[in-house]
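Right, one structure below, let's go through it.
Order of the sequence lines fixes the chain letters, A, B, ..., with proteins taken first and strands second; residue numbering starts at 1 for each chain.
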There are 2 protein chains.
Amino acid sequence: MDSNVKEILNSKGIKATKQRIYLYELLRKQDRPLTAEDIYLLAKNEIDCFNLSTVYRILDIFVKNNIIIKSKLDIDEKFYFEIAREKHRHYLLCIYCNQIIPLSDCPIEKYEKKIAKETGYSIVDHNLEIKGICPNCKKRHQIH
Amino acid sequence: MDSNVKEILNSKGIKATKQRIYLYELLRKQDRPLTAEDIYLLAKNEIDCFNLSTVYRILDIFVKNNIIIKSKLDIDEKFYFEIAREKHRHYLLCIYCNQIIPLSDCPIEKYEKKIAKETGYSIVDHNLEIKGICPNCKKRHQIH
DNA sequence: AATGCAGATGCGAATCATTCGCATCTGCAT
DNA sequence: ATGCAGATGCGAATGATTCGCATCTGCATT
C-alpha cells in the first residue's frame with residue numbers, strides 16, 4: 001500500500017516524502033471534505049512532527065496535480081479538500097450540526113448544456129451544495 | 001425614493017442612517033453580487049466619509065433582516081453580497097476574467113424533493129454556481 | 001426647535017485562515 | 001556513502017473580517 005502510493009506520487013513527478021505519503025493515504029480514507037486544519041490534527045495524532053504550513057503546501061501540490069479537489073462549503077470561511085474521484089460529488093450539509101453527507105448523483109449535467117447554448121460560454125465545472133436539517137437535529141429542535 | 005428606503009428600514013426596526021440608506025440603494029442597483037470592499041469603494045466615490053468597518057456592520061444587519069444575501073463564489077476567498085429577490089438566482093462565472101452573469105432559472109427544485117426523501121433531511125436552501133469560459137476569453141485564449 | 005440617549009459610526013487594533021522567507025533537513029540519483 | 005534540489009519546520013507576514021472604544025447622530029420626548 002505504502003509503496004503503491006510512492007509510485008503514484010513519483011509517476012506524477014512528486015517526491016514521495018513521509019508527509020506526502022501519509023496525507024495521501026489519510027485523504028483517500030475520508031468520506032467527506034476536510035479543512036487543512038482537520039487534516040493537520042488527524043495527521044498530528046499519528047506522526048507528531050507535522051507542520052501546518054507543510055500540510056498547506058502538500059495540499060496545494062496535490063490540487064495542482066489533480067489528486068485532490070479544493071472547494072468551499074457554505075458553512076464557514078475555510079477551504080475544504082477531498083480526494084479526486086472518477087465521478088465528482090456534491091454534499092448535503094446540516095445547518096445545525098454541520099454534518100456533511102455525500103449525495104448519490106448530480107442533477108445538472110443536462111442543465112449545463114442548456115446554459116452553454118444560451119450564453120455562449122464553454123462550461124468547465126460547477127458547484128452545488130444542498131443545505132438542510134438532518135433527522136437528529138429536527139428531533140432535537142422540534143422541527144417537523 | 002430616499003424616504004421610501006427610510007420607511008422600509010424603519011419598518012424592520014433598523015435606524016435609517018445616511019450610510020444605511022446609501023448602501024441599500026447601491027445594493028438595489030446591482031445586477032451581480034459584490035464584495036464588501038467593492039461596495040465600500042463604490043460608496044466612497046459618492047460619500048467620502050464611509051468606513052469599511054461600517055460597511056461590514058451594515059451588511060451584517062441587512063443579512064440578518066433578509067434584505068440582502070451573503071454568499072461565497074468559487075473564484076476567490078471573499079464573501080459576496082446581493083439584494084434579496086423574490087426568486088433566488090444562480091450565477092455563471094468566467095474562470096479567466098471573473099465576469100459574473102445571472103442565470104435565467106434554477107434547475108434543482110425537483111432534485112431537492114428527491115434528496116429530502118432519500119435522506120430524511122428537511123431541505124432549506126441550496127447553492128449552485130456554474131463555471132465556464134466566456135466568449136471573449138475563448139477568443140483571447142484561442143479556446144474553441 | 002432643543003435635548004437626551006440608545007444605538008451607529010470611525011478608527012485602529014485584533015483575529016483567523018492561509019501564505020511566505022529562510023535556515024535546516026531528506027529523498028533519491030550518482 | 002555523498003551531494004544537492006527540493007521539502008520541511010518555524011515564525012513572521014498577509015488579507016479579509018471583526019472588535020473595542022471614544023465620538024457622533026437619528027429620533028422620541030418635551
Side-chain angles (χ1 to χ4, degrees), chain A residues 2-3 5-24 26 33-44 46-65 67-68 70-81 98, chain B residues 2-24 26 33-41 43-44 46-65 67-68 70-81 98:
Chain A
D2 181 292
S3 67
V5 172
K6 218 172 208 169
E7 280 164 32
I8 293 171
L9 295 180
N10 281 331
S11 77
K12 303 216 177 212
I14 300 172
K15 199 190 267 187
T17 64
K18 184 178 49 160
Q19 290 90 337
R20 290 171 179 184
I21 292 167
Y22 189 79
L23 284 199
Y24 184 93
L26 191 161
L34 298 176
T35 65
E37 179 137 42
D38 293 340
I39 293 165
Y40 167 67
L41 293 173
L42 283 171
K44 212 172 175 184
E46 298 288 319
I47 302 179
D48 56 24
C49 61
F50 229 111
N51 186 280
L52 184 55
S53 305
T54 304
V55 171
Y56 275 107
R57 273 185 294 232
I58 293 176
L59 291 173
D60 218 46
I61 289 173
F62 284 3
V63 168
K64 287 202 175 72
N65 284 278
I67 293 171
I68 64 175
K70 178 179 185 173
S71 57
K72 263 174 287 176
L73 299 179
D74 234 28
I75 47 182
D76 60 26
E77 72 296 342
K78 298 170 200 161
F79 284 107
Y80 281 77
F81 301 87
N98 287 350
Chain B
D2 182 292
S3 67
N4 184 11
V5 173
K6 219 173 208 168
E7 279 163 32
I8 293 171
L9 295 179
N10 280 331
S11 77
K12 303 214 178 213
I14 300 173
K15 200 190 268 187
T17 65
K18 186 178 47 158
Q19 291 89 337
R20 288 170 180 185
I21 293 168
Y22 189 79
L23 284 198
Y24 185 92
L26 192 160
L34 298 175
T35 65
E37 179 136 43
D38 293 340
I39 293 165
Y40 167 68
L41 293 173
K44 213 173 174 183
E46 300 287 317
I47 301 179
D48 56 24
C49 61
F50 229 111
N51 185 280
L52 184 55
S53 305
T54 305
V55 170
Y56 275 107
R57 273 184 293 229
I58 293 177
L59 291 173
D60 218 46
I61 289 174
F62 284 2
V63 169
K64 286 202 175 72
N65 284 277
I67 293 171
I68 62 175
K70 178 179 187 175
S71 56
K72 262 173 288 174
L73 299 179
D74 234 28
I75 48 182
D76 60 27
E77 72 296 343
K78 299 169 198 161
F79 284 108
Y80 281 77
F81 301 88
N98 286 351

Legend entry - Spacing of B/I21 atom CD1 relative to D/dT25 atom P, expressed in whole Å: 14 Å
Inset, instruction - To the nearest 0.5 Å, tell me how far B/L23 CG sits from B/F50 CZ. - result: 4.0 Å
Legend entry - For atom NZ of A/K18 and atom P of C/dG27, their distance in whole Å: 7 Å
Inset, instruction - Counting Watson-Crick and G-U wobble pairs only, both distances under 3.5 Å, name the nucleotide matched with D/dG9, or none. - result: C/dC22
Inset, instruction - Find the distance A/Y22:OH to C/dG27:P and express it as a whole number of Å. - result: 17 Å
Inset, instruction - Find the distance A/Y40:OH to D/dT8:C1' and express it as a whole number of Å. - result: 13 Å
Legend entry - Identity of whatever pairs with C/dA29 - Watson-Crick or G-U, under 3.5 angstrom: D/dT2
Legend entry - Euclidean distance, atom NZ of residue B/K6 to atom P of D/dT25 [Å, nearest integer]: 15 Å
Legend entry - Side-chain donor-acceptor pair present, A/Y22, A/K18, cut-off under 3.5 Å: no
Legend entry - side-chain contact (heavy atoms from CB on, under 4.5 Å) evaluation trace for B/R20 with B/F62: CA-CA 9 Å; B/R20 288 170 180 185; B/F62 284 2; 4.3 Å; yes
Inset, instruction - Would you mind reading off the distance between B/D38 atom CG and D/dA16 atom P, rounded to a whole angstrom? - result: 11 Å
Legend entry - A/F81 vs A/V63, side-chain contact (heavy atoms from CB on, under 4.5 Å): CA-CA, chis, key distance, verdict: CA-CA 9 Å; A/F81 301 87; A/V63 168; 4.2 Å; yes
Legend entry - Length of the line joining B/N10:CG and C/dA6:P, which is rounded to integer Å: 19 Å
Inset, instruction - Indicate for each nucleotide in nucleotides 10-21 of chain C, in 5' to 3' sequence, whether protein heavy atoms under 4.0 Å reach the base (B), only the sugar-phosphate (S), or nothing (-). - result: BBB----SSBBB
Inset, instruction - Verify, without hydrogens or angle tests, whether A/N10 (side chain) and A/E7 (backbone) share a donor-acceptor contact under 3.5 angstrom. - result: no
Legend entry - Atom-to-atom span, NZ of B/K15 to P of D/dC24 - whole angstrom: 15 Å
Inset, instruction - Measure the spacing between CG of A/L52 and CZ of A/R57 and express it to the nearest 0.5 Å. - result: 10.0 Å
